[in-house]
Amino acid sequence: LPYDLILYFISEILALKAFDSKADVYSYGLLLWELWALKPPFDSSPTNLQEIVNGIIFKQERPVIMAVCPRTLRDLVKSCWQADPSARYV
C-alpha cells in the first residue's frame, strides 16, 4: 500500500482486527481535518512509518486540531476519531 494511504487507516485495520464501516468514519474525519488544515495528516510526526502506525494503534494519536478550527468542525472530527468504533459519528 502507498505510504500516504496507510495514514488514513484506523487502528483496528492497522492491527489486522475485524472492522466495519465505522473505520471509514475515522478516515472521513481525517479528510475533513486535511481539507481544513490544508496539509496531510501526521506530516509533523516522525518520518518512520512504523512509529506513526504504532502511535495510531497503541496511543490513539491523532493530528492536532488547532484552536482556531471552528468548534462544530472540531467536534465532528473528534467524534469521527473515537478509539471505540461504536462511539464514532454516523
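Side-chain atoms are counted along with the backbone in the values below, which use heavy atoms only and exclude waters and symmetry mates.
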### Message
Are Leu35 and Phe42 connected into the same hydrophobic cluster when the rule is that any two of I, L, V, M, F, W, Y join if their side-chain heavy atoms are below 4.5 Å apart?
### Response
no
### Query
How many angstroms lie between atom CZ of Phe58 and atom CG of Leu14, to the nearest 0.5 angstrom?
10.0 Å
### Message
Applying salt bridge (Lys or Arg N to Asp or Glu O under 4.0 Å), can you list everything that pairs with Asp24, at least two apart in sequence or on another chain?
### Response
none
### Query
Hey, what do you get for CD (Glu61) to CG (Asn54), rounding to the nearest 0.5 Å?
9.5 Å
### Query
Are Val68 and Leu73 connected in the hydrophobic side-chain network, where two residues link if heavy atoms are under 4.5 Å apart?
yes
### Message
Tell me which pairs pass side chain to side chain donor-acceptor pair (under 3.5 Å) where either residue lies in residues 71-81, with sequence neighbours left out.
### Response
none
### Message
Would Tyr26 and Ile56 count as a side-chain contact (heavy atoms from CB on, under 4.5 Å) here? Give the steps.
### Response
CA-CA 12 Å; Tyr26 170 84; Ile56 294 169; 4.2 Å; yes
### Query
What are the two closest heavy atoms between Tyr28 and Cys80, and how far apart are they?
CD2-SG, 4.1 Å
### Message
Test of understanding: clusters of I, L, V, M, F, W, Y form through side-chain heavy atoms closer than 4.5 Å, transitively. Do Leu76 and Val25 belong to the same one?
### Response
no
Listing, residues 5-12 side-chain donor-acceptor contacts under 3.5 Å, not counting sequence neighbours, or none:
{"residue": "Tyr8", "atom": "OH", "partner": "Glu34", "partner atom": "OE1", "Å": "2.1"}
{"residue": "Glu12", "atom": "OE1", "partner": "Arg88", "partner atom": "NH2", "Å": "3.2"}
{"residue": "Glu12", "atom": "OE2", "partner": "Arg88", "partner atom": "NH1", "Å": "2.8"}
{"residue": "Glu12", "atom": "OE2", "partner": "Arg88", "partner atom": "NH2", "Å": "3.2"}

### Query
Transitively linked via ILVMFWY side-chain contacts under 4.5 Å: Ile52 with Val64?
no
## Note on the structure
Heavy-atom closest pair (Asn48 atom, Gln50 atom, distance to 0.1 Å) is OD1-N, 2.7 Å
### Summary
Note: Pro41 and Pro63 closest approach over all heavy atoms is CB-CG, 3.8 Å
